[in-house]
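Here is the naming used below: chain letters follow the sequence lines, and residue numbers restart at 1 for every chain.
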Protein chains: 2
Amino acid sequence: MSRPSFSEFKKKALNNPEVQDEYQALNTTYELRKNLIALRQESGLTQEQLAAVLHTQKSNISRLENANSKNSPKLSTIEQYAHAVGYEVKIEFIPINHT
Amino acid sequence: MSRPSFSEFKKKALNNPEVQDEYQALNTTYELRKNLIALRQESGLTQEQLAAVLHTQKSNISRLENANSKNSPKLSTIEQYAHAVGYEVKIEFIPINHT
DNA sequence: CGCAATGTTATCAACTATGATAACCATCAT
DNA sequence: ATGATGGTTATCATAGTTGATAACATTGCG
């Protein structure tokens with residue numbers, strides 16, 4: 001119960017950018033955010049232009065792209081975004097290692 | 001405007017089970033439904049048991065597994081289900097062919 | 001048959017994502 | 001400095017998902 005606690009270790013580790021990347025690579029929401037932004041930029045659209053395609057507002061696009069852990073979008077929302085930038089959505093299930 | 005309309009052709013085609021599979025394979029929700037059920041059965045859990053793991057009710061599990069086109073679950077809901085049966089979720093974006 | 005187990009459907013309340021508007025920050029160019 | 005552009009954040013109302021309960025259908029087993 002003394003000695004550096006695990007929560008403290010974790011806290012420090014999460015300040016290391018590399019650890020952060022590895023850690024959050026497992027975070028589906030974080031991965032999603034990265035991909036959505038990349039796809040939009042690939043398509044050459046601004047948030048405002050994409051919003052127009054989807055008949056919505058740029059603020060909503062920004063919110064989706066910045067979805068934090070407390071905000072989980074609907075699957076249909078992700079699909080609409082994807083279609084607008086020319087992509088189909090596929091959900092993969094990857095087995096978790098139980099060592 | 002005369003001749004068998006496209007909507008009629010489509011209607012007939014969709015009665016062909018093979019065409020159905022191909023058609024709905026593109027439907028993310030349908031794919032999801034199939035996969036969720038398969039994963040749960042693989043894990044040997046009943047809807048009721050899985051519901052217990054997720055601290056919810058079996059009726060909610062059934063609803064998720066039978067998600068129709070009018071019902072789009074949240075990403076977090078899918079993730080919770082996946083984790084309970086030992087899987088991680090990954091979202092893939094597949095380019096649409098613009099011939 | 002009667003009963004348990006499994007899954008489905010309906011309903012309503014509670015919660016939360018989304019739509020819409022507005023204000024704001026940062027960057028860049030003129 | 002000013003204006004324009006791209007993106008962020010806050011807020012509120014609306015829409016839709018989820019939680020919970022209950023009733024129902026089906027299957028298989030005693």
Side-chain angles (χ1 to χ4, degrees), chain A residues 17 20 24 27-93, chain B residues 17 20 24 27-93:
Chain A
Q20 261 186 44
Q24 301 198 346
N27 185 333
T28 306
T29 303
Y30 180 78
E31 269 285 297
L32 174 66
R33 169 187 140 83
K34 276 200 315 183
N35 287 333
L36 289 180
I37 295 177
L39 294 186
R40 178 173 59 82
Q41 290 176 341
E42 224 177 70
S43 75
L45 294 176
T46 67
Q47 287 186 346
E48 199 165 17
Q49 291 169 329
L50 179 55
V53 174
L54 293 173
H55 303 98
T56 184
Q57 269 56 42
K58 63 173 180 170
S59 58
N60 299 325
I61 302 294
S62 176
R63 178 173 50 195
L64 179 60
E65 290 183 355
N66 291 293
N68 55 41
S69 55
K70 296 247 171 201
N71 195 348
S72 188
K74 292 198 294 174
L75 179 55
S76 61
T77 305
I78 299 170
E79 281 189 273
Q80 289 171 11
Y81 186 115
H83 293 165
V85 294
Y87 284 80
E88 205 56 69
V89 173
K90 184 181 177 70
I91 300 189
E92 299 262 338
F93 293 92
Chain B
Q20 262 186 41
Q24 302 198 347
N27 184 331
T28 306
T29 304
Y30 180 78
E31 269 283 297
L32 175 66
R33 169 187 140 83
K34 276 199 316 182
N35 288 332
L36 288 180
I37 295 176
L39 294 185
R40 178 173 60 80
Q41 290 175 341
E42 224 177 70
S43 74
L45 293 175
T46 66
Q47 286 185 347
E48 199 165 16
Q49 290 169 331
L50 179 54
V53 174
L54 293 173
H55 303 98
T56 184
Q57 268 57 42
K58 64 175 181 171
S59 59
N60 298 326
I61 302 294
S62 176
R63 178 172 51 196
L64 178 60
E65 290 182 356
N66 291 293
N68 55 40
S69 56
K70 295 245 171 201
N71 195 348
S72 187
K74 294 198 293 174
L75 178 56
S76 61
T77 305
I78 299 170
E79 280 189 273
Q80 288 170 13
Y81 186 115
H83 293 164
V85 294
Y87 284 79
E88 206 57 71
V89 173
K90 184 180 178 73
I91 299 190
E92 299 263 339
F93 293 93

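- Looking at residues 43-52 of chain B, you'll see that no heavy atom sits under 4.0 Å from any atom of DNA chain D.
- Nucleotides of DNA chain D lying under 4.0 Å from heavy atoms of chain A occupy a range whose first and last members, 5' to 3', are D/dG6 to D/dT17.
- Rounded to the nearest 0.5 angstrom, B/E88 CD and B/E79 CD are separated by 7.0 Å.
- When the C1' atoms of four end pairs are superposed on the next four at each end of the helix from C/dC1-D/dG30 to C/dT30-D/dA1, using five pairs per end, the two resulting axes differ in direction by 30°, to 10°.
- Scanning for side-chain hydrogen bond (donor to acceptor under 3.5 Å, both in side chains) contacts around A/T29 gives an empty result, with sequence neighbours left out.
- Atom CD of A/E92 sits about 12.0 Å away from atom OG1 of A/T28, to the nearest 0.5 Å.
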Per-nucleotide protein contact along nucleotides 14-19 of chain C, 5' to 3', at a 4.0 Å heavy-atom cut-off (B base, S sugar-phosphate only, - neither), is --SSBB
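- Atoms NZ and CD, from A/K58 and A/Q47 in turn, are 8.0 Å apart once rounded to the nearest 0.5 Å.
- The side-chain contact (heavy atoms from CB on, under 4.5 Å) test with B/L75 is passed by exactly one of A/L75, A/I91, A/L32: A/L32.
- Of the inter-residue distances, the one linking A/T77 atom OG1 with B/K74 atom NZ reads 11.5 Å to the nearest 0.5 angstrom.
- Under the side-chain hydrogen bond (donor to acceptor under 3.5 Å, both in side chains) criterion, A/S72 pairs with B/S76, not counting sequence neighbours.
- A distance of 11.0 Å separates CG of B/N27 from CZ of B/R33, quoted to the nearest 0.5 Å.
- With sequence neighbours left out, the side-chain hydrogen bond (donor to acceptor under 3.5 Å, both in side chains) criterion links B/N71 to no other residue.
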Solution key, residues 35-45 of chain B side-chain donor-acceptor pairs under 3.5 Å, sequence neighbours excluded:
unit_1 : atom_1 : unit_2 : atom_2 : d
B/N35  : ND2    : B/E31  : O      : 3.3
B/R40  : NE     : B/E65  : OE2    : 2.5
B/R40  : NH1    : B/L45  : O      : 3.0
B/R40  : NH2    : B/E65  : OE1    : 3.2
B/E42  : OE1    : B/Y87  : OH     : 2.7
B/S43  : OG     : B/R40  : O      : 2.6

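- Evaluation of the side-chain contact (heavy atoms from CB on, under 4.5 Å) rule for B/T56 yields B/A51, B/L54, B/N60, B/I61 as partners, not counting sequence neighbours.
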